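Report on one structure; see the data block that follows.
Residue numbers start from 1 in every chain, and the chains themselves are labelled A, B, ... in the order their sequence lines are given, proteins ahead of strands. For clarity, every value in this text was computed on a predicted model and none was experimentally measured.
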2 protein chains.
Amino acid sequence: MPKRVDHSLRRLQIAEALWRIAASRGLEEVSMRQVAAEAGVSTRLVQYYFETRDRLLVEALALRNEYDRKRIESRLPEGASLKEAIRVLLLGLLPLDDESRQSTLIHLAYGIRAVNDRLLAEHVTNHAKPGLEDIVADMLRGAQAGAQLRDGLDLDREAATLLALSSGMTYDVLMGIRTADDAIALVDYNLRRVWRSESAT
Amino acid sequence: MPKRVDHSLRRLQIAEALWRIAASRGLEEVSMRQVAAEAGVSTRLVQYYFETRDRLLVEALALRNEYDRKRIESRLPEGASLKEAIRVLLLGLLPLDDESRQSTLIHLAYGIRAVNDRLLAEHVTNHAKPGLEDIVADMLRGAQAGAQLRDGLDLDREAATLLALSSGMTYDVLMGIRTADDAIALVDYNLRRVWRSESAT
DNA sequence: CCTTATGTGATACGATCGTATCATAAAACC
DNA sequence: GGTTTTATGATACGATCGTATCACATAAGG
């Protein structure tokens, strides 16, 4: 046989080509031939490693989700305060650099398709925000226990608000309707709104 | 010649077929033939009324924007309070009924494509939210002049927050991740947060 | 060393796509 | 009433698509 090749590496190489096409030209430009050309391999190879186009789409998304998870984990602050941790988490949802911008584009492209595709919906929704609201709400409760927060807040709803705020600005930032600085300032404004003013960052 | 036909009516009929396909199966299923079949006319007719596919896409969006504008205008409350007016405006952004759900799907489909299509971007962005933030901010200033709002608010940022909150919940409601009641409750929570508690609805 | 399993290229098939062309029925115009 | 214009159908062309098939080179296993 020819040189035993690392399959998972080849699959990643092809998936990355798909990511580039999906982010720059949209999911509908993702054809077996286009992906092959972008990856610099023959069409047959794409068939070999991802039987069919549907499988290619689903598995390339799974690979991206895994990729993103690692990327986000590596960004989590070490000894940061709860406020800072939530801030990093919220800003992590925004397309502020090239990589997160590409992730946003990819997930948006898959997301719109998932609305009418039950199979895809599982893959998109499951790995999307599994209880992110609960995580933020718990962090807020931790801050409240430390008396860092203002009174009279509904922490579950504040968590939901903060997260919806971030994803609500996603498209605007992507299109340049809102600048990144603007988006960050709005996140900070809402964090200041929730925290006591005298509390440390 | 054959019976002189109302062109704008025929164009609307074809555009409506496109809307249905775009909302139910996605923009990439919008082909001249599919639209013709959905509209119950021959492919040639679609060519006749919208020369090319690109034009069809752009002009069908323009027609939908006009359609939505009328629909939203008709929903504006008459003698409602500022708080109620803002509430209607915010809820109007959410896919809470079949028509607004279809509008959301259509604009989402066009939006993701517009990110990488400069020509389309103009048509999508221009008619999207032309200064909606300013409108809400002005309404908030009106309410503040009536001493209805809490102290210490940055009204521009509150307006931006409210709007981002609504669009941030759009996709969740669309996918059934969040119920409509949930979304409405979160909007109301944030309105209560901004208004003085004793103020009337 | 020889067989066998593995990786890759070339190519072909049928479907669908956007668009162009040709034909023609029928109402409007002089 | 003949002629011109308008609306519509039928169909054809070339491109691209997903997928299947066949061939074949090469390295691993005995």
Side-chain angles (χ1 to χ4, degrees), chain A residues 1-22 24-63 109-110 113 116-117 119-120 123, chain B residues 1-22 24-63 109-110 113 116-117 119-120 123:
Chain A
M1 354 175 170
K3 193 174 39 181
R4 289 293 288 260
V5 99
D6 185 339
H7 274 217
S8 61
L9 208 74
R10 272 241 184 289
R11 289 166 61 86
L12 185 61
Q13 171 193 358
I14 293 173
E16 283 171 347
L18 185 150
W19 298 343
R20 286 193 294 274
I21 295 177
S24 66
R25 284 180 279 155
L27 258 193
E28 65 231 328
E29 292 289 329
V30 171
S31 70
M32 303 292 271
R33 287 169 170 85
Q34 296 283 333
V35 170
E38 173 72 27
V41 302
S42 73
T43 307
R44 180 66 184 83
L45 268 225
V46 182
Q47 280 186 283
Y48 185 73
Y49 289 103
F50 305 85
E51 306 280 344
T52 149
R53 179 175 184 261
D54 286 340
R55 285 244 261 272
L56 171 61
L57 284 171
V58 167
E59 295 178 26
L61 173 63
L63 286 173
Y110 275 94
R113 175 168 307 208
N116 298 301
D117 185 329
L119 170 70
L120 213 53
H123 293 268
Chain B
M1 355 172 169
K3 192 174 40 180
R4 289 293 289 261
V5 98
D6 185 339
H7 275 216
S8 61
L9 208 75
R10 272 243 183 288
R11 289 167 62 86
L12 184 62
Q13 170 193 358
I14 293 173
E16 284 172 345
L18 185 151
W19 298 344
R20 285 192 295 273
I21 295 177
S24 65
R25 284 180 278 156
L27 258 194
E28 66 231 326
E29 293 289 332
V30 171
S31 70
M32 303 292 270
R33 287 169 170 85
Q34 296 283 334
V35 170
E38 172 73 26
V41 301
S42 73
T43 307
R44 181 66 184 83
L45 268 223
V46 182
Q47 280 186 282
Y48 184 73
Y49 288 103
F50 305 86
E51 306 280 341
T52 148
R53 179 175 184 260
D54 286 339
R55 284 246 261 272
L56 171 61
L57 284 170
V58 167
E59 296 178 25
L61 173 63
L63 287 172
Y110 274 94
R113 175 169 305 207
N116 297 301
D117 185 330
L119 169 71
L120 214 53
H123 293 268

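The OH atom of Tyr49(B) sits 9.5 Å away from the CG atom of Leu9(B) when rounded to the nearest 0.5 Å. In this structure, Asp54(B) CG and Leu119(B) CG are separated by 7.5 Å, a value rounded to the nearest 0.5 Å. Distance check, rounded to the nearest 0.5 Å: CG of Leu45(A) to CD of Gln13(A) gives 8.5 Å. Residue Leu27(B) holds its CG atom at 12.5 Å from CG of Leu27(A), rounded to the nearest 0.5 Å. A distance of 12.0 Å separates CD1 of Ile14(A) from CH2 of Trp19(A), quoted to the nearest 0.5 Å.
Met32(A) and Phe50(A) get closest at one heavy-atom pair: CE-O, 4.1 Å. Looking at every heavy atom in both residues, Tyr110(A) comes nearest to Ala60(A) through OH-CB, 4.1 Å.
In terms of phosphate contacts, Thr52(A) brings a side-chain nitrogen or oxygen within less than 4.0 Å of OP1 or OP2 of dT19(D). In this model, the phosphate group of dT8(C) is not approached by any side-chain N or O of Tyr48(A) to a distance below 4.0 Å at OP1 or OP2. Taking only side-chain nitrogens and oxygens, Gln47(A) never comes nearer than 4.0 Å to OP1 or OP2 of dT21(D). Residue His7(B) places at least one side-chain N or O under 4.0 Å from the OP1 or OP2 atom of dA7(D).
Regarding Ile21(A), its CD1 atom lies at a distance of 15 Å from the P atom of dT16(D), rounded to whole Å. We find that CZ of Arg33(A) is positioned 12 Å from C1' of dA10(C), with the value rounded to whole Å. We find that CZ of Arg11(A) is positioned 15 Å from C1' of dG7(C), with the value rounded to whole Å. Rounded to whole angstrom, the span from the CD atom of Glu28(A) across to the P atom of dG18(D) amounts to 12 Å. Atom pair Met32(B):CE and dT21(C):P shows a separation of 15 Å (rounding to whole Å applied). Atoms CD (Glu51(A)) and P (dA20(D)) sit 9 Å apart, rounded to a whole Å. Here dG18(D) presents its C1' atom at 14 Å from CZ of Arg55(A), a figure rounded to the nearest Å. Atom pair Leu57(A):CG and dC17(D):P shows a separation of 14 Å (rounding to whole Å applied).
Near-neighbour residues of DNA chain D inside residues 36-46 of chain B, defined by a heavy atom below 4.0 Å, number-ordered: Ser42(B), Arg44(B), Leu45(B).
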Pair assignment for DNA chain D - dot-bracket with | for other-strand partners, Watson-Crick or G-U under 3.5 Å
|||||||||||||||||||||||||.||.|

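Phe50(A) comes within 4.0 angstrom of nothing in the nucleic acid, heavy atoms only. Note on Gln34(A): only backbone sugar-phosphate atoms sit closer than 4.0 angstrom, heavy atoms only; bases stay farther off. Within 4.0 Å (heavy atoms only), Arg10(A) reaches sugar-phosphate atoms of the nucleic acid but no base atom.
With hydrogens and angles ignored, the 3.5 Å screen pairs a side-chain donor or acceptor of Arg53(A) with a backbone N or O of Val30(A). The backbone N or O of Ile21(B) sits nowhere less than 3.5 Å from a side-chain atom of Glu29(B) that would complete a donor-acceptor pair.
No donor-acceptor contact under 3.5 angstrom links the side chains of Arg44(A) and Gln47(A), judged on distance only.
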